[in-house]
Amino acid sequence: MPTASALAQPAVAVKIGSGAWRRFCRHRLALFGVAAILLMVLASIVGPSLIPFDSLKIDIRHRFAPPPFEGHLFGTDQLGRDLLVRLLMAGRISLSIGFAAMTVSTAFGTLIGVAAGYYGGAVRVALMRFVDAMLCFPQIFLLLVLAAFIQPNVVTLTLIIAASSWMEVARVVEGQVRSLRERDFILAAEMLGASGRYVMFRELLPNAIGPIIVAATLTVARAILLEAYVSFLGYGIQPPMASWGNMLNNAQQYLGSAPWLAIFPGLMITLAVSSFNFVGDGLRDALDARFDLN
Amino acid sequence: MTEAIMTATVAEEPPLVEARRLRQWFPVGGSLLQRRREMVRAVDEVSFTIARGEVLGLVGESGSGKSTLGRALLRMTDLTDGQILFEGRDITRLGRNALRPIRPRMQFIFQDPFASLNPRMTVRQIVGAPLAIQRPDLGIAARDARIAEALQTVGLSMQYADRYPHEFSGGQRQRICIARALIMEPSFLVADEPVSALDVSIQAQIVNLLIDVRRKLSIAMLFISHDLAVVGHLCDRVAVMYLGRIVEIAPTRELFRRPRHPYTEALFSAVPVPDPTVRRSRVILRGDIPSPLAPPSGCAFRSRCPYVLPECAEAVPSLREVDGGHRTRCIRDDLVLGRPHGGLS
Amino acid sequence: MQGTLGPVGFAMPAAAHAATETVLDVQDLSVTFATENGPLVAVREVSFDLRAGETLALVGESGSGKSVTSLAIMRLTPSASRVKVSGSVQFTDGEGRKRDLLQLDLDAMRRVRGNEISMIFQEPMTSLNPVHRIGDQIAEAVTFHQRVSARAALVRAAELLDQVGISDARRRLSAYPHQLSGGMRQRVMIAMALACNPRVLIADEPTTALDVTVQAQILELLKELQTATGMAVIFVTHNLGVVAEIADRVMVMYAGAIVERGDVVPVMTRPLMPYTQGLLHSVPRLDPDAPGREPLEAIPGNVPDPLQPPPGCAFAPRCRHVEPACEAAVPVLEQADDGRQVRCRRWRAIDEAQR
């Protein structure tokens with residue numbers, strides 16, 4: 001009879017996750033994205049305390065100082081406020097809203113998606129049609145309408161943006177869960193007497209993590225962009241508080257005379273959004289094969 | 001009009017599992033609005049019993065309904081018609097909650113060991129899942145003890161409990177599945193082609209494991225397979241299915257010595273034997289297996305049967321007893337069907 | 001080589017002519033995959049010859065390299081960046097010309113594939129396009145290699161369908177693959193493979209996915225076709241019963257190398273290599289009189305990890321007759337008696353002990 005030790009040797013001793021990590025690292029843009037994000041986060045947290053200027057301090061004598069003169073690395077705006085420190089403070093706002101909105105929308109979207117995918121039938125139809133209906137709303141208009149009724153601050157903006165971002169996550173999760181639903185290991189769990197909740201959260205959800213992470217990352221990019229839109233249009237973060245969006249709004253009238261007022265906020269938005277998109281792409285490639293159940 | 005239910009070979013004791021006129025029909029095609037849809041009769045009027053500790057083999061090819069029957073028996077699906085009795089209790093219409101306390105006693109082993117394990121769970125979590133679901137009161141130490149015991153029964157060491165399924169070979173994964181099925185000490189196991197996806201040398205290991213488990217724990221089994229040789233090795237009785245019906249059922253030795261249904265004869269004849277010196281006269285069936293959507297009228301096998309008579313088309317033959325415990329669904333009494341193993345001495 | 005002219009003027013090779021002529025001569029064929037975890041040697045210096053009109057079975061389990069061997073002969077392995085193929089495959093065509101298939105450029109190889117050497121697979125849908133009619137697909141196999149009109153090709157297609165046992169061939173030409181059963185699709189794939197009267201047919205597990213009664217039909221068909229056309233067949237399988245049914249010679253592979261080779265009767269009735277012995281003993285037999293439910297003689301352990309092969313004999317970790325010398329160095333393929341070759345250091349001693 002075969003001995004236990006002869007049988008027990010696993011056939012392939014490969015460390016988990018090593019493949020995914022290596023695949024991610026081959027994605028140069030994704031690595032660039034990670035670096036850029038880390039830099040931005042670090043800079044917005046620590047930066048303002050290192051810069052001798054205050055973001056709200058008005059200094060008319062030094063207004064429209066072009067960079068990098070008079071100690072202002074990125075110049076000053078029409079009220080003489082240092083642009084760099086305002087950029088970093090705005091970064092705090094935009095990034096916080098981005099991450100927070102991502103968290104809320106991912107959590108909510110995942111719940112909807114898992115329930116729809118697991119229960120199927122009428123439940124799925126109802127939930128997914130709801131998702132479809134929500135997706136039909138032109139996002140910007142929805143945001144603007146909501147923002148017009150609500151006092152726009154960081155919290156409310158986060159909620160509004162989350163409310164218009166959760167649908168994508170729900171779609172992705174529902175698709176993944178639906179394809180996993182009929183797999184043998186799910187049936188095996190049900191044969192053990194597992195309740196719906198157990199199957200959804202202990203068996204199905206861990207297998208959908210890959211697409212969820214990817215969707216979440218892309219949601220951050222979207223959220224940052226949406227916040228910029230809304231603030232640019234004047235319905236988001238209100239001045240004097242700085243946000244990349246409202247700085248752009250501010251810079252409109254001075255495009256000819258002080259272009260740096262528009263260039264830097266624009267660059268920051270582009271950098272932030274692209275970085276998250278690159279990371280999302282990299283994660284998608286890295287995790288796809290890793291979480292392949294075939 | 002009810003078909004005689006075959007009583008357990010052990011006298012007096014009620015059967016562990018009893019299937020009465022099971023039907024599993026699936027609707028095919030048609031839209032929400034169309035009233036009458038075509039039905040695939042995956043399982044049609046199947047009745048049998050399994051006694052405690054007995055292993056019943058279920059043999060058939062594609063479209064025979066054997067997999068569907070195995071799943072229906074464990075209530076993985078809702079039956080179209082018929083009754084299932086488990087430990088004397090009618091479980092046909094029980095809901096999920098009512099079934100939960102019964103589940104630990106009847107378990108299922110899937111064909112594909114790669115697909116029946118959650119790739120994101122460790123062996124410990126997988127084998128311990130039944131305990132987590134059914135016995136949340138058990139402490140970690142007690143749980144680990146039972147996991148270790150289950151793993152040992154299947155020949156795996158506890159030191160690999162924290163590995164993931166993809167680190168194991170096919171045979172080892174199947175062992176993990178069996179450990180998971182055994183940890184709650186079931187009295188009945190349905191194994192759906194448990195060795196078909198494995199390498200030949202590993203198949204023997206798993207078959208031996210099942211023989212061992214069966215002997216040590218007296219578990220009754222429904223062993224579904226297309227491989228007659230494996231079935232003959234492991235099972236006490238064998239049922240042969242064709243297009244949703246049992247066409248022959250008998251104790252293994254009887255069936256192998258003298259089959260009474262032309263399809264069974266053809267099955268034996270078709271199995272290639274690993275002995276090049278044996279030259280048998282083969283019964284090669286013509287044609288393909290008919291579509292389950294449009295089975296021939298009367299005896300479903302008549303379109304390929306070498307012994308067909310006009311009467312075969314008239315009505316579906318009933319499963320009649322020809323010998324002690326040997327039943328066949330062929331109307332012909334006069335056939336002497338070939339020894340399946342002409343060259344064997 | 002004079003052959004008979006079949007219908008519509010297609011030249012048919014003479015059956016059973018020059019029975020000992022070598023059609024394929026494989027020397028030191030090796031296939032190495034470049035993986036994330038290092039090089040994976042799937043086929044290790046495999047050498048064999050295939051004679052006209054014979055059926056050579058390639059038997060092995062997963063990781064044996066049998067499928068990769070057949071793919072490598074057909075130059076169907078993945079692109080050069082991830083796979084390294086070395087060795088030579090000398091193919092002797094109908095006119096006696098010898099060419100090394102591994103050295104041919106892709107165009108020349110395409111002219112050989114489907115024409116002089118054909119291949120059929122486990123899953124017929126790998127060869128069949130679901131959106132084209134089967135008649136058109138078979139005809140395409142003809143016109144790709146031969147200058148005939150579309151009409152003539154269709155006629156040939158009907159002939160082929162007839163030859164593979166599909167009744168009502170003319171009507172079937174306009175069927176789509178999904179309208180056919182698994183067994184019939186497999187026949188269509190065989191028809192496509194036979195379209196240009198190949199010298200060699202490589203069959204990679206063609207019956208594994210089929211029901212046992214259908215498998216019996218297909219094996220009968222292949223035997224008949226081989227007798228009629230005189231082509232040589234390499235039959236890759238893991239099923240020992242199938243080997244006994246159809247093979248003239250058999251080659252057993254383990255962990256990428258040949259471990260035993262010879263005529264089918266001696267190899268299967270008196271195997272010399274412990275792995276072959278183990279395989280034959282672990283297969284349950286259709287024996288109604290076997291006492292009780294005795295355990296089978298299973299081979300313990302698992303196939304070795306191809307990324308970390310054992311230093312000596314690949315089968316040593318699982319072998320009942322292992323001794324230290326076995327683990328020191330890889331044994332060579334030795335000549336045993338009755339024309340056989342075995343890759344085992346101790347085959348003589350084991351054979352003696354078992355007499």
Side-chain angles (χ1 to χ4, degrees), chain A residues 1-20 118-119 121-122 125 176-177 179-213 287-294, chain B residues 71 74-76 96-97 99-104 106-121 123 125-126 129-134 151-152 154-160 163-173 175 177 180-181 183-184 190 192 204-205 208-209 212:
Chain A
M1 289 298 288
T3 58
S5 59
L7 298 165
Q9 188 68 40
V12 180
V14 172
K15 237 176 87 44
I16 299 168
S18 59
Y118 175 73
Y119 287 110
V125 169
Q176 186 77 353
V177 169
S179 73
L180 291 170
R181 178 74 175 84
E182 299 305 323
R183 292 273 191 154
D184 280 350
F185 69 87
I186 299 296
L187 284 173
E190 296 192 318
M191 289 308 298
L192 298 172
S195 63
R197 245 192 346 197
Y198 179 93
V199 176
M200 280 194 284
F201 296 108
R202 297 281 297 271
E203 301 267 352
L204 285 168
L205 192 54
N207 282 294
I209 290 286
I212 292 178
I213 292 180
L287 293 174
D288 249 341
R290 156 74 177 94
F291 287 106
D292 185 13
L293 300 174
N294 292 321
Chain B
R71 287 170 186 237
L74 286 194
R75 290 298 322 284
M76 286 171 128
R96 184 201 281 241
N97 285 325
L99 278 173
R100 182 171 299 131
I102 308 178
R103 288 260 181 242
M106 49 185 213
Q107 283 299 304
F108 195 89
I109 311 239
F110 293 83
Q111 174 173 0
D112 185 354
F114 295 69
S116 51
L117 297 177
N118 190 330
R120 304 281 288 139
M121 285 174 127
V123 169
Q125 290 170 318
I126 291 171
L131 297 174
I133 295 168
Q134 296 277 348
L151 286 178
Q152 196 188 34
V154 301
L156 287 175
S157 158
M158 188 64 174
Q159 60 176 190
Y160 297 112
R163 305 262 186 162
Y164 287 86
H166 72 266
E167 299 181 70
F168 294 91
S169 68
Q172 290 166 330
R173 290 188 217 193
R175 287 175 196 270
C177 292
R180 173 178 61 188
I183 196 167
M184 296 300 293
V190 174
D192 188 359
Q205 289 180 12
N208 285 348
L209 175 62
D212 197 33

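Every chain is numbered from 1, with letters handed out A, B, ... down the list of sequences.
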**Under 4.5 Å from any heavy atom of chain A - which part of B:Gln107** = side chain
**Item:** Side chain to side chain, A:Phe185 and B:Pro165, heavy atoms closer than 4.5 Å
**Value:** no
**Request:** Under 4.5 Å heavy-atom distance to chain A, tell me which part of B:Leu99 shows up: side chain, backbone, both or neither.
**Result:** neither
**Message:** Using the side chain to side chain contact (heavy atoms under 4.5 Å, CB included) criterion, which residues pair with A:Asp184? Sequence neighbours excluded.
**Reply:** A:Leu187, B:Arg71, B:Phe110, B:Asp112, B:Ala115, B:Ser116
**Request:** Examine distances only and state if a side-chain atom of B:Arg103 and a backbone atom of A:Leu192 form a donor-acceptor pair shorter than 3.5 Å.
**Result:** no
**Request:** Could you point out which residue of B:Met76, B:Arg75, B:Arg96 forms a side chain to side chain contact (heavy atoms under 4.5 Å, CB included) with A:Glu190?
**Result:** B:Arg96
**Prompt:** What residues, two or more places apart in sequence or in another chain, satisfy salt bridge (Lys or Arg N to Asp or Glu O under 4.0 Å) together with A:Glu203?
**Reply:** none
**Asked** At their closest point, which heavy atom of A:Ala189 faces which heavy atom of B:Ile133, and how far apart are they?
**Response** O-CD1, 4.2 Å
**Message:** Test your reading of the model: is there a side-chain donor-acceptor pair from B:Arg120 to the backbone of A:Pro206, 3.5 Å cut-off?
**Reply:** yes
**Message:** Testing the basics here: between A:Gly193 and B:Arg100, what is the closest heavy-atom pair and its distance to 0.1 Å?
**Reply:** O-NE, 2.6 Å
**Request:** Counting only heavy atoms closer than 4.5 Å, note whether B:Pro130 contacts chain A via side chain, backbone, both or neither.
**Result:** both
